[in-house]
**Student:** 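Below: one structure in structure tokens.
The figures here come from the full heavy-atom set of this structure, side chains too, leaving out hydrogens, waters and symmetry mates. Here is the naming used below: chain letters follow the sequence lines, and residue numbers restart at 1 for every chain.
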Amino acid sequence: MEYDFRKIEAYWQEYWQKNQTFKTDNHSDKPKFYVLDMFPYPSGAGLHVGHPLGYIASDIFARYKRLQGYNVLHPMGFDAYGLPAEQYAIQTGQHPAITTRKNIERYRRQLNLIGFSFDWDREVQTCDPAYYHWTQWVFIRLFHSWYSKKERKAMPDTILTERLEKEGNASLLEEAACSAHDVFSAQDWAAFDEKKRSEILMNYRLAFLSDTMVNWCPKLGTVLANDEVVNGLSERGGYPVERKLMKQWSLRITAYAQRLLDGLETLDWSDSLKEMQRNWIGRSVGAEVRFEIENGAAKGLSEGLRIFTTRPDTLFGVSFMVLCPEHENIAALTTPEQKAEVEAYVHYARNRTERERQAEVNKVSGVFTGSYALHPFTGEKLPVWISEYVLAGYGTGAIMAVAAHDSRDYRFARHFNLPVRQVVAGGDIEKEAYETKDGTLINSRFLDGLCVKDAIARMVQEIEARGLGKAQINYRLRDAIFSRQRYWGEPFPIYYKDGIPHTLSDDKLPLLLPEVDKYLPTEEGEPPLARAKNWQTEDGFPLETCTMPGFAGSSAYYLRYMDPHNNRALVSEDANKYWQQVDLYVGGAEHATGHLIYSRFWNKFLFDLGLVCQDEPYRKLVNQGMIQGRSNFAYRINWTAYKEFLERNPQGGLPGITAEMVRKADKLLFVSKNIPGREAFCDPVHVDIHLTDNDVLDTEAFRKWMPDLAGAGFILEEGRYICGAEVEKMSKSMYNVENPDQIVERYGADTLRMYEMFLGPVEQSKPWDTKGIEGVFRFLKKFWRSCFDEETDSCILEETEPSKEELRILHKTIKKITDDTERFSFNTAVSGFMIALNELSELKCHKKAVFEPLAILLSPYAPHIAEEIWRALGHDQSIAYATLPVYEEKYTVENSFNYPVSFNGKMRFNMELPIALSPAEIEKAVLESEQAAKWLEGKTPKKVIVVPKRIVNVVL
RNA sequence: GCCCCGAUGGUGGAAUCGGUAGACACGCAGGACUUAAAAUCCUGUGACUGAUGAAGUCGUGCGGGUUCAAGUCCCGCUCGGGGUACCA
């Protein structure tokens, strides 16, 4: 029988499972290697062919590393908490755990069909109490920690309270990463009650409760983190998002901004991904400056107004000030005459959704408060305005406006007729702001004549000397909002006593997710957990009703795989010491500003606590591209458009369409793609890609596809109906979903694996196109025939010594495959196998000494067929335990090289010369050759360039 | 707008360090085997000139440049993809 992939694959998958082939031990003499995939969210739709792309790549690498003698950790699990299961639960009343379990089982089955070498013993699921036990445990640690900028690490809150007792918070305001708050002394602290103390400590804790402006999504009934909002809409579902002030749990990830930035330097990640993280963290260097308010004392603003700027050099160009609509000093600054107008504006700004704000970025709006700030150097009166182009969350929520050198200030100034004052020479400020940072300072007293860079330094110096402010670094990164008003997530290990939050003690963990009667908020608008009976501690204190967000469970899962069954610790010290960090992490770039930042932060925190031994979790990261769908279209005649078309082109009618049909205009008629005029009178409609072959429509199958297509007619070209094609997202509604199960059923897992790799570089996004899969399938069939007799299924590999040529092919291939695998170029590796097989079949080679090492090389790519060959050769252990063949140069070195000889860079002839010749000897041999004489025509060359084993170029 | 990445035959792509562009595969055309089909095998396949030969010219989005030599490096564009967006 020919290559029977179904039998082979079923046999080996069962074998691997029975023999625990891929079970990994935490103790080994071998060096370790940790290959990790981003674990999937098990959606109801199951896997499509795009999902396994990264898993195949990482599996190849894991198997390859095993062959190299590494002890490889290659686990898989499920990011099981998430919105879709909960939305489904709301609609159907079915518990999300049931849906999730069902989806996980389906995912696991689909993954196993592809033949991955996962150690399923280590599987984790974020919704499993044994797992979220440790998510809650880490949260408690975050709660009881603060960040010291001096020590550059997280510290326990016991040290914090000691210091507050001893010295108040004056020194801590500088040293600690904290929310803005008032200064107090040790005596004040002693006088504060418990509630006040708890509130103050919240300003320091790494997991803290605060009133924050949050992204509130009314449709989902929950708040969202910044990375979960895309273009002002929720990432999941695409619902509108509003800004709202709410009491929420947050993680003080901003404390780690600089370390998250610095850490990138040590990582082997793609430049584009590092750049994305850098932009997201958004470090900017500048100064914080205090502006006095005119009659400030009378207004209760003797402290003045603090602003942040990255351009202190332009301070003499300030012509007005702008506050964000949420600014705390607005009430104090607003004069009675302006009160009505200011209130109206603030009200307007507050009720705008994020989407509205973003859509109308260019719309200028604002209002004058009636008050004036005083220029710190000139004493000039600067009107204080309010506008929504100044953001509450960044800097101090207030700016000094330099219309001449900032395009937003410029727009604002032009709109409200405010002065524009140039202080850096260059550009044409009549037309637009001059934002470029080259040019010398003008109209700026002591800065005049300096370049921008020097002027910034000089001004910062001056500001600090006069006590007006200080140099300051700001980050765009915001603290991560950590509460979700949702059911299907980890409960917080928090209870409230007299309104003060306390953490549960460790022995009360895990705090189990309770049962509820409905997965909706309560009538009072409380989150679903408020519906749970007895949602309180044993002592009757109410528990937190919010749950944690999706990124909570995914932030430390890579650590849990190291020691998944440990019920005393997240990960034991031993296991962590052995596995260290993930050596290779494969996943989509869409997690650049979410999971990959949170996870690095989480890891750094655990590192500070001494719980893990590496500062960074993922040493090398590879982003696999997305596989898009390739949709097919049929073109349905739009009869109205057709009639119009006929009026314009009386001769342009299609054959086969009778006047009767046009008059009745009720027949479904589809026109093949290349019929002239088609675009003018046809509407494209999606066709299921499984009804086409090479864009040729199976018209009979199409008629049966949907009931109303039964009587459809077709206008063919050359007897066939050709469909159009377009690359789109893979989605059910576009009928372009290719399912791995179907491919495996038809061609086998080995073909699917190799084909997905053959499609192109792993990092690249590309449309799925089944067209080329036959080529890979043919290769595997041919490989099979080289090793087995098709009639008897018996192995035909011979024991005879391979020829020199055969050894050359083998070793060339060993080198190519190992090099390509090492540099993640799996597509060229697959080509390498094909070339080797083509060459060997030309030699009619069926030698064991050649195919045995080839099978080992092939095993990461097509493990099932490789195992079958390995077994047929009499080995009684899985090929996973084989040793990777080593490339030996002696079989492939040539003793001569065929030099391309060019004249003035144009190739004229090839010349075979011994490899041992020196460049001078090569030059001599070439110039003295008969062929050269023809091109030299007696002339003496000006120069001869000889690059050994490359080229000879004669310059005439 | 800003940042990053890309553009190579009919198609997916290869060319790893500046050195014979188009490997490998698909598709297409022709052929062998077959009653036929499937499967398999063989040949051809960047464009143009030439006779279908020999041979030659052009050719890696566009325009310049560096170099004996450029898909690869530099400058200026065009188009496409991704990220980000009043971040002061």
**Student:** Whole angstroms only, please: what is the CZ-C1' distance between A:Arg630 and B:G27?
**Tutor:** 12 Å
**Student:** Describe the nucleic acid contact of A:Ile835 in one word from base, sugar-phosphate, nothing, applying a heavy-atom distance below 4.0 Å.
**Tutor:** sugar-phosphate
**Student:** Below 4.0 angstrom from OP1 or OP2 of B:A25, is there any side-chain N or O of A:Asn838?
**Tutor:** yes
**Student:** Might you confirm whether atom CZ of A:Arg411 has over 12 heavy atoms from other residues, nucleotides or ligands at distances under 6.0 Å?
**Tutor:** yes
**Student:** Closer than 4.0 angstrom, basic N to acidic O: yes or no for A:Asp819 and A:Arg823?
**Tutor:** no
**Student:** Between A:Asp227 and A:Tyr598, is any side-chain donor less than 3.5 angstrom from a side-chain acceptor?
**Tutor:** yes
**Student:** Remember a base hit wins even if backbone is also touched, and classify A:Arg478 as base, sugar-phosphate or nothing at under 4.0 Å, heavy atoms.
**Tutor:** base
**Student:** Please give, in whole Å, the distance from B:G13 P to A:Glu763 CD?
**Tutor:** 13 Å
**Student:** To the nearest angstrom, how far is A:Phe779 atom CZ from B:C41 atom P?
**Tutor:** 13 Å
**Student:** Encode nucleotides 67-77 of chain B as B, S and - characters from 5' to 3', where the letter depends on protein heavy atoms closer than 4.0 Å: B to the base, S only to sugar-phosphate, - to neither.
**Tutor:** -B---------
**Student:** Do A:Thr828 and A:Ser825 have side-chain atoms, one donor and one acceptor, less than 3.5 Å apart?
**Tutor:** yes
**Student:** How about A:Ser284 and A:Tyr394: does a side-chain donor come under 3.5 Å of a side-chain acceptor?
**Tutor:** yes
**Student:** Rounding to the closest angstrom, what is the interatomic distance between B:A38 and B:A32 at atom C1'?
**Tutor:** 16 Å
**Student:** To the nearest angstrom, how far is A:Phe308 atom CZ from B:A88 atom P?
**Tutor:** 7 Å
**Student:** Separation of A:Met834 atom CE from B:G13 atom C1', in whole Å?
**Tutor:** 12 Å
**Student:** Report, one pair per line, the protein and nucleotides 15-18 of chain B atoms (nitrogen or oxygen only) whose separation is under 3.5 Å.
**Tutor:**
unit_1	atom_1	unit_2	atom_2	d
B:A15	OP1	A:Arg823	NH2	3.4
B:U16	N3	A:Arg823	NH2	3.4

**Student:** Regarding A:Lys274 and A:Glu265, does a basic nitrogen lie under 4.0 Å from an acidic carboxylate oxygen?
**Tutor:** no
**Student:** Between A:Tyr475 and A:Gln258, do the side chains contain an N or O donor and an N or O acceptor separated by less than 3.5 Å?
**Tutor:** yes
**Student:** What is the distance, rounded to the nearest whole Å, between atom CG of A:Leu596 and atom P of B:G83?
**Tutor:** 14 Å
**Student:** Quantified in whole Å, what is the C1' atom distance between nucleotide B:G76 and nucleotide B:C26?
**Tutor:** 38 Å
**Student:** Any salt bridge linking A:Glu923 with A:Lys943? Criterion: basic side-chain nitrogen under 4.0 Å from a carboxylate oxygen.
**Tutor:** no
**Student:** Of the options A:Leu913, A:Val947, A:Val944, which is the one that meets A:Ile922 in a side-chain contact (heavy atoms from CB on, under 4.5 Å)?
**Tutor:** A:Leu913
**Student:** What is the nucleic acid contact for A:Val390, judged by heavy atoms within less than 4.0 Å: base, sugar-phosphate only, or nothing?
**Tutor:** base
**Student:** Do A:Tyr721 and A:Asp698 have a side chain donor and acceptor closer than 3.5 Å?
**Tutor:** no
**Student:** Specify the residues of residues 392-399 of chain A, ordered by number, for which at least one heavy atom lies under 4.0 angstrom from an atom of RNA chain B.
**Tutor:** A:Tyr394, A:Ile399
**Student:** Would you kindly check whether a donor in the side chain of A:Arg411 faces an acceptor in the base of B:C86, or vice versa, at under 3.5 angstrom?
**Tutor:** yes
**Student:** Test side chain to side chain donor-acceptor pair (under 3.5 Å) on A:Glu774 and A:Tyr747; report intermediate values, then the result.
**Tutor:** CA-CA 9 Å; A:Glu774 293 284 348; A:Tyr747 297 101; 3.0 Å; yes
**Student:** Describe the nucleic acid contact of A:Arg778 in one word from base, sugar-phosphate, nothing, applying a heavy-atom distance below 4.0 Å.
**Tutor:** sugar-phosphate
**Student:** What residue pairs, at least two apart or across chains, pass ring pair (Phe, Tyr, Trp, His ring centres under 6.0 Å) with a residue in residues 753-774 of chain A?
**Tutor:** A:Tyr755-A:Trp768
**Student:** Taking atom CE of A:Met626 as the centre, does the number of heavy atoms from other residues, nucleotides or ligands within less than 6.0 Å exceed 12?
**Tutor:** no
**Student:** What is the distance, rounded to the nearest whole Å, between atom CG of A:Leu837 and atom C1' of B:U40?
**Tutor:** 14 Å
**Student:** Using only side-chain N and O atoms of A:Lys781, determine if any of them is under 4.0 Å from OP1 or OP2 of B:U40.
**Tutor:** yes
**Student:** Evaluate side chain to side chain donor-acceptor pair (under 3.5 Å) for A:Ser365 paired with A:Tyr345, printing each intermediate quantity in order.
**Tutor:** CA-CA 9 Å; A:Ser365 72; A:Tyr345 183 73; 2.7 Å; yes
**Student:** For RNA chain B, just give me the dot-bracket, please: Watson-Crick or G-U, both distances below 3.5 Å, ( ) intra-strand, [ ] crossing earlier pairs, | paired with another strand, . unpaired.
**Tutor:** (((((((..(((......[....)))((((((.......))))))((((.....))))..(((((..]....))))))))))))....
**Student:** Under 3.5 Å, which protein N or O atoms sit close to an N or O of nucleotides 7-12 of chain B? Give each pair with its distance.
**Tutor:**
unit_1	atom_1	unit_2	atom_2	d
B:G12	O2'	A:Leu759	O	2.8

**Student:** Check whether any side-chain nitrogen or oxygen of A:Asn279 sits under 4.0 Å from OP1 or OP2 of B:C4, and answer yes or no.
**Tutor:** no
**Student:** Starting at CD1 of A:Ile743, measure out to CD1 of A:Ile773 and round the result to the nearest 0.5 Å.
**Tutor:** 4.5 Å
**Student:** Would you say A:Glu889 has more than 12 foreign heavy atoms packed within less than 6.0 Å of its CD?
**Tutor:** no
**Student:** Give the rounded distance in Å between these two atoms: CZ of A:Arg278 and P of B:C5.
**Tutor:** 12 Å
**Student:** What is the distance from atom CZ of A:Arg478 to atom CH2 of A:Trp280, rounded to the nearest 0.5 Å?
**Tutor:** 9.5 Å
**Student:** Counting only side-chain nitrogens and oxygens, does A:Arg785 get under 4.0 Å of the OP1 or OP2 atom of B:C41?
**Tutor:** yes
